[in-house]
Amino acid sequence: MIKNVAVIGSGTMGNGIAHTFAQNNFKVSLIDISEENLLKAIATIDKNLERQLTKGTISQQDKANTLSNIQTFTILKDGVKHADLVVEAASENLEIKLKIFKELDEICKPETILASNTSSISITKIASVTNRADKIIGMHFMNPVPIMKLVEVIRGYTTSDEVTNNIMELSKTLGKSPVEVNDYPGFVANRILMPMINEAIYTLFEGVAGVTEIDTVIKLGMAHPMGPLQLADFIGLDVCLSILYVLHDGFGNPKYAPCPLLVNMVTAGKKGVKSGEGFYSYQHGSKELVVAEKFS
């Protein structure tokens, strides 16, 4: 029975995952090496709960209960001590994840399930540095976590049926719609999404159409809520690039090779919303979508 959940990483995904579990009456330990990041995460959760309160989807008591269900920690061992489930939401970097899981395997209870929110890195690879490969699984939440219904549940090569079923049922108790997928590069979501984003960037790079025109075609023609270039900015161009590298390395297929424009933008520090500029320019406090000067 999972009651205590530890979430590693207090960034956008980590605080969203912590929010979602806490709102569904789980005791949550939110862990980050930075006290400042933890304070920002709690402030973000508070703001998002306030938004739900204003919309009437939760009560004042619900908000108070959710916040009281979250404790913060800067020391990993203290945060995971009582965890029945750990969800890692650290940087999308293989070496960082392997280091975290190796340590988790040593300090967590033997029965603790260890999950990764990775969007592309092999669960089987992560499991290989532990002595509990049957209890390693992927829980790929979508951003923003409290709102988006999908959870990709990624089954590693040796993940047990019991653990897979447990996480599928747990996801449903969070009000999510879990989909079980097998462990191959990009899983399902990013294996399909990233080539589309990459092709949109190539379409811009080759001068076929402009930023607004490309996004408008996909929004109006395919009924997508946002165009692929805006979505890439929202995900983070550095994250898109890293996933494309995983796909390219994993399959050895040139169709996954990242567009040179994407590589240059990330190298130049233009990472989308998080850096203030990508294909669009993001002014603080403004919701107006403005094409970046480079492409206007």
Side-chain angles (χ1 to χ4, degrees), residues 1-9 13-14 16-17 20-21 24 26 80 83-105 108-143 145 148-195 239 242-253 256:
M1 184 76 167
I2 293 172
K3 292 181 179 176
N4 298 305
V5 178
V7 179
I8 300 173
M13 295 305 293
I17 294 166
T20 301
F21 274 105
N24 286 278
F26 290 87
V80 302
D84 305 307
L85 168 69
V86 179
V87 182
E88 170 273 319
S91 303
E92 192 70 355
N93 176 292
L94 178 62
E95 297 311 314
I96 290 172
K97 291 190 189 298
L98 295 183
K99 183 175 180 292
I100 289 171
F101 274 82
K102 192 170 189 305
E103 190 172 351
L104 287 173
D105 186 46
C108 288
K109 298 182 294 184
E111 64 273 20
T112 302
I113 296 170
L114 307 180
S116 177
N117 180 57
T118 180
S119 55
S120 61
I121 292 169
S122 167
I123 298 302
T124 305
K125 178 75 172 172
I126 290 171
S128 71
V129 299
T130 75
N131 292 305
R132 61 177 88 196
D134 60 317
K135 295 183 180 68
I136 311 296
I137 197 162
M139 287 186 84
H140 180 206
F141 290 87
M142 304 293 140
N143 185 27
V145 180
M148 298 292 276
K149 290 289 185 188
L150 177 66
V151 179
E152 256 189 321
V153 176
I154 303 107
R155 183 177 186 138
Y157 193 81
T158 45
T159 307
S160 72
D161 290 343
E162 182 186 358
V163 165
T164 304
N165 294 336
N166 199 341
I167 295 302
M168 290 289 285
E169 290 307 311
L170 174 71
S171 299
K172 290 173 188 172
T173 70
L174 298 175
K176 303 300 184 189
S177 300
V179 176
E180 182 185 336
V181 304
N182 288 318
D183 184 26
Y184 291 96
F187 316 133
V188 170
N190 282 319
R191 182 174 178 171
I192 294 169
L193 175 63
M194 286 303 151
V239 175
S242 139
I243 295 168
L244 283 164
Y245 280 142
V246 168
L247 288 167
H248 191 232
D249 291 346
F251 291 115
N253 190 323
Y256 297 114

What pair of heavy atoms forms the shortest contact from M139 to A115, and how long is it? CG-CB, 4.0 Å
If every non-hydrogen atom of A83 is compared with every non-hydrogen atom of K109, which pair is closest and at what distance? O-CE, 3.2 Å
With a 4.5 Å limit on heavy-atom distance, are the side chains of L104 and V80 in contact? yes
Considering only heavy atoms from C-beta outward, does the side chain of V153 approach that of S171 to under 4.5 Å? yes
Tell me, do Y256 and P185 make a side-chain contact under 4.5 Å, heavy atoms counted? no
I need the M168 CE to T173 OG1 distance, nearest 0.5 Å. 12.5 Å
What's the spacing between I154 CD1 and T118 OG1 if we round to 0.5 Å? 7.5 Å
Greater than 12 external heavy atoms within 6.0 Å of F251's CZ: yes
Where is the tightest heavy-atom contact between S119 and I243, given as atom of each residue plus distance? OG-CD1, 3.4 Å
Is the backbone N or O of V87 less than 3.5 Å from a side-chain atom of N117, with the two atoms forming a donor-acceptor pair by type? no
Any Lys/Arg nitrogen of E92 or K97 sitting under 4.0 Å from an Asp/Glu carboxylate oxygen of the other? yes
Is it the case that the side chain of E180 and the backbone of R155 share a donor-acceptor pair, with hydrogens and angles ignored and the cut-off at 3.5 Å? no
With rounding to the nearest 0.5 angstrom, report the CZ to CE distance, F141 to M13. 8.0 Å
Over all atoms of both residues, closest heavy-atom pair of H140 and A189: CE1-CB, 4.5 Å
Audit row: L85, F21, side-chain contact (heavy atoms from CB on, under 4.5 Å) steps and yes/no: CA-CA 11 Å; L85 168 69; F21 274 105; 4.0 Å; yes
Distance-only, no hydrogens or angles: does the T124 side chain make a donor-acceptor pair with backbone N or O of Y157 under 3.5 Å? yes
Mark yes or no for whether D84, through its side chain, and N4, through its backbone, hold a donor-acceptor pair below 3.5 Å. yes
Are I167 and L170 side-chain neighbours, meaning at least one heavy-atom pair lies under 4.5 Å? yes
Atom pair OG/CG of S242 and N93 - distance to nearest 0.5 Å: 8.0 Å
Hey, mind stepping through I121 and I126 against side-chain contact (heavy atoms from CB on, under 4.5 Å) and telling me if it holds? CA-CA 8 Å; I121 292 169; I126 290 171; 4.1 Å; yes
Where the side chain of T159 meets the backbone of I136, is there a donor-acceptor pair that is under 3.5 Å apart? yes
If you define the side chain from C-beta out and look only at heavy atoms, does anything of I113 sit under 4.5 Å from N166? yes
Heavy-atom side-chain proximity of K135 to T130 below 4.5 angstrom: no
Does K149 have more than 12 heavy atoms from other residues, nucleotides or ligands lying within 6.0 Å of its NZ? no
Is D183 reaching over with its side chain to a backbone N or O of S122, donor-acceptor style, under 3.5 angstrom? no
CD of E152 to CE of M142, rounded to nearest 0.5 Å, is 5.0 Å
For residues I8 and V86, report the shortest heavy-atom separation together with the two atoms involved. CD1-CG1, 3.6 Å
K176 side chain to V145 backbone, donor-acceptor under 3.5 Å: yes
Note: S91 and I96 closest approach over all heavy atoms is CB-CD1, 4.0 Å
Please lay out, stage by stage, how S120 and N190 fare under the test side-chain hydrogen bond (donor to acceptor under 3.5 Å, both in side chains). CA-CA 7 Å; S120 61; N190 282 319; 5.8 Å; no
dist S160:OG -> I137:CD1 (nearest 0.5 Å) comes out at 7.5 Å
